[in-house]
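This report concerns only the one structure given below.
When a residue number appears, it is its place in the shown sequence, counting from 1.
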Amino acid sequence: MARGREGEERKMVLGKYELGRLLGQGTFAKVYYARDLSAGGGSVAIKMIDKARLRRTEGMMEQLRREISIMRMVRHPNVVGIREVLASRSSVFVVMEYARGGELFAKVVRGRLTEDHARRYFQQLVAAVGFCHRRGISHRDLKPENLLLDEEGQLKVTDFGLAALPEQLRHDGLLHTQCGTPAYVAPEVLRKRGYDGARADLWSCGVVLYVLLCGFLPFQHDNCAKMYQKIFKAEYQMPPWVSCDARRLIARLLVVDPAKRISIPEIMRTPWFRKGFVPPVPSPPVSPKKWLDEDDGGVLLDGSEDNSSSNSGSMSPRTCNAFQLISSMSSGFDLSGLFESEQKAATVFTSRAPAATVVEKLEAVGRALGFEVARGKGWRVRMEAKADGTNGRLAVTAEVLEVAAGVAVVEFAHDAGDALDFNNFCAEDVRPGLADIVWAWQGDSPPMPAAVVGCA
Ligand code: ADE
């Protein structure tokens with residue numbers, strides 16, 4: 001931290017946040033501790049992503065947009081919550097809940113946990129992962145760095161969505177020469193022949209449980225290839241202190257064939273898991289409106305990180321939200337409408353139909369509603385009303401993002417016309433026609449009981 005003339009520490013200020021120490025660092029992002037200076041503020045963690053790197057790296061912009069959409073959909077006591085997204089000319093900042101207890105594995109490094117402690121963390125991990133799977137979201141990168149603890153010792157899963165990065169990014173980034181990270185990855189993911197993200201998550205949960213109970217990794221070798229061989233055969237030793245019930249559960253998680261791997265409802269029925277399990281109560285989903293209210297309009301940056309006032313585009317970096325800035329860097333498709341203040345209705349839904357089917361359905365529904373329909377780049381459908389409404393001609397773009405095998409997230413963006421018309425379009429008009437492909441609208445309660453959906 002820089003020191004001023006009188007030796008006092010000069011802290012970097014980002015809007016209402018005063019940045020503190022570095023908490024963690026990845027290939028594309030750094031996470032800092034920060035203090036919210038507004039009344040009732042408290043601590044937050046801010047992930048800072050370098051926009052130049054985002055621009056340079058194919059697929060990263062899309063990935064960040066997807067990650068933020070996913071984080072907004074996941075509000076659970078055992079998942080690190082997102083507060084807001086800010087941007088400067090050079091960086092995007094994702095403001096998150098701060099997990100004061102740090103990484104769970106800092107504890108394990110000091111020695112294995114008692115079975116009761118390991119169970120408690122595992123119960124919380126499975127509760128969080130199950131909650132996400134029921135919303136069609138798989139983590140795909142469950143590993144020690146992504147399991148944090150809050151001040152009460154509650155587990156918090158972080159970085160949902162990052163694992164959806166294209167394969168080459170993951171191998172060019174954190175994973176490339178490290179044997180440590182693939183140690184948590186399911187064999188079907190390593191084989192690169194396509195995989196079900198939810199089932200792959202459960203393998204990783206099995207590795208995590210093993211590490212908590214044993215204090216070391218199940219699949220380890222100095223030589224990466226040999227470690228992979230062990231993973232492909234699920235070849236591991238079980239130390240004598242692990243109880244029979246815990247062994248049995250691990251053996252059902254670390255199953256090479258994902259189709260035969262235990263599911264979340266099955267895990268929850270095992271005697272080992274059930275002991276003392278109190279299901280956490282998820283907080284109600286936060287609507288985009290509430291989200292924007294919380295962040296003072298969602299558009300701030302005092303430029304302290306980047307004081308240059310010059311701006312070649314039509315948007316000022318001081319008055320743009322992250323989505324406008326990310327969108328302005330990417331070609332053609334502007335998602336900024338998703339986060340603007342006029343938005344009230346949920347504009348996001350998940351679907352289990354293949355992306356191509358979702359796109360066809362959107363086109364059919366658009367036509368049935370009397371819109372001109374055109375397919376855009378990627379999985380996008382643009383719909384434009386044939387006549388002017390209250391405030392010009394309504395135009396909407398729907399973008400379909402495949403976030404996991406067989407799971408799509410669909411986002412509607414308001415391109416033109418009246419905000420209220422757009423709101424009605426999302427809240428009412430479009431819904432009946434889409435009913436047979438919608439799994440859940442953002443903000444709705446889970447579509448089916450956990451026991452039915454599960455994850456496997
Ligand atoms: N490291 C990475 N993310 C964090 C968070 N949200 N809280 C604490 N430490 C972190």
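A 4.5 Å side-chain heavy-atom check between Asp159 and Glu67 finds at least one atom pair inside the cut-off. Within the 4.5 Å cutoff, the side chain of Val95 has no heavy atoms near those of the Asp36 side chain. Taking the side chain as every heavy atom from C-beta outward, Phe131 and Pro280 never approach each other to under 4.5 Å. You'll find the side chain of Tyr121 stays beyond 4.5 Å of the side chain of Leu147, heavy atoms only. Using a 4.5 Å cut-off on side-chain heavy atoms (C-beta onward), Val79 and Arg75 make no contact. Contact of the Leu104 side chain with the Leu148 side chain is not registered, since no non-hydrogen atoms from C-beta on lie closer than 4.5 Å. Counting only heavy atoms from C-beta outward, the side chains of Val208 and Phe122 never approach each other to under 4.5 Å. Two residues are said to be in side-chain contact when any heavy atoms from C-beta on lie closer than 4.5 Å; Val92 and Val85 meet this criterion.
Here the side chain of Trp241 pairs a donor or acceptor atom with the backbone of Leu213 at under 3.5 angstrom. In this structure a side-chain-to-backbone donor-acceptor pair under 3.5 Å is present from Arg119 to Trp272. Looking only at distances, a side-chain donor or acceptor of Arg261 sits under 3.5 Å from a matching main-chain atom of Val255. Distance alone, capped at 3.5 Å, is enough to place a donor-acceptor pair between the Ser351 side chain and the Ala353 backbone. At distances below 3.5 Å, not a single donor-acceptor pair connects side-chain atoms of Lys156 with backbone N or O atoms of Gly81. Between the Arg252 side chain and the Ser263 main chain, no donor and acceptor come within less than 3.5 Å of each other.
Heavy-atom minimum distance, Tyr184 versus Trp203: O-CD1, 3.7 Å. Minimum interatomic distance between Thr57 and Arg53 (heavy atoms only, all atoms of both residues): OG1-O, 2.7 Å. Of all heavy-atom pairs spanning Leu23 and Ala45, the tightest one is CD1-CB, 4.0 Å. Residues Tyr32 and Gly20 approach most closely at CD2-O, 3.5 Å, considering heavy atoms. The two residues Ala183 and Val207 come nearest to each other via the heavy atoms O-CG1, 3.6 Å. Leu209 and Leu249 get closest at one heavy-atom pair: CD2-CD2, 3.9 Å.
With values rounded to the nearest 0.5 angstrom, Tyr17 atom OH is found 6.5 Å from Leu86 atom CG. Within the model, atoms CD1 of Ile267 and SG of Cys205 stand 6.5 Å from one another, a figure rounded to the nearest 0.5 Å. Rounded to the nearest 0.5 Å, atoms CG (Leu37) and CG (Leu14) are 10.5 Å apart. Taken to the nearest 0.5 Å, the CE atom of Met268 stands 11.0 Å off from the CD1 atom of Ile262. Taking CZ of Arg199 as the start and OG of Ser138 as the end, the distance is 12.0 Å to the nearest 0.5 Å.
Taking 4.0 Å as the cut-off between side-chain N and carboxylate O, Glu411 and Arg72 do not count as a salt-bridged pair.
The environment of Arg247 atom CZ is dense: over 12 non-hydrogen atoms of other residues, nucleotides or ligands sit within 6.0 angstrom. The environment of Lys230 atom NZ is dense: over 12 non-hydrogen atoms of other residues, nucleotides or ligands sit within 6.0 angstrom. Enclosure of atom CD in Glu151 by more than 12 non-hydrogen atoms of other residues, nucleotides or ligands within 6.0 angstrom is indicated. With a 6.0 Å radius and a threshold of 12 heavy atoms from other residues, nucleotides or ligands, Arg191 has its CZ atom above the threshold.
Under the salt bridge (Lys or Arg N to Asp or Glu O under 4.0 Å) criterion, Lys275 pairs with Asp116, not counting sequence neighbours. Residues that satisfy the salt bridge (Lys or Arg N to Asp or Glu O under 4.0 Å) test with Arg248, not counting sequence neighbours, are Asp245. Taking the ring-ring contact (aromatic ring centres under 6.0 Å, His included) definition, one finds that Phe273 meets it with Phe277, sequence neighbours left out. When the side chain to side chain contact (heavy atoms under 4.5 Å, CB included) test is applied to Lys233, the partners found at least two apart in sequence or on another chain are Glu235. Residues passing the side chain to side chain contact (heavy atoms under 4.5 Å, CB included) test with Thr350 are Met73, Val409, Trp439, Ala440, sequence neighbours excluded. Partners of Leu369 according to the side chain to side chain contact (heavy atoms under 4.5 Å, CB included) rule, which considers only residues two or more places apart in sequence or in another chain, are Val365, Phe371, Phe425, Asp429, Val430. With sequence neighbours excluded, the residues that form a side chain to side chain contact (heavy atoms under 4.5 Å, CB included) with Val438 are Phe349, Leu434, Trp441. Taking the ring-ring contact (aromatic ring centres under 6.0 Å, His included) definition, one finds that Tyr33 meets it with Tyr98, sequence neighbours left out. Residues meeting the salt bridge (Lys or Arg N to Asp or Glu O under 4.0 Å) test with Glu115, sequence neighbours left out: none. Annotation: side-chain hydrogen bond (donor to acceptor under 3.5 Å, both in side chains) contacts of Arg100 (sequence neighbours excluded): Ser43. Residues passing the salt bridge (Lys or Arg N to Asp or Glu O under 4.0 Å) test with Arg382 are Glu384, Asp415, sequence neighbours excluded.
Among residue pairs with one or both ends in residues 354-365, those qualifying as side-chain hydrogen bond (donor to acceptor under 3.5 Å, both in side chains) are Lys361-Asp436, Glu363-Arg375; sequence neighbours excluded.
Relative ring orientation between Phe422 and His414 is described as parallel, the plane-to-plane angle staying below 30° on a 0-90° scale split at 30° and 60°.
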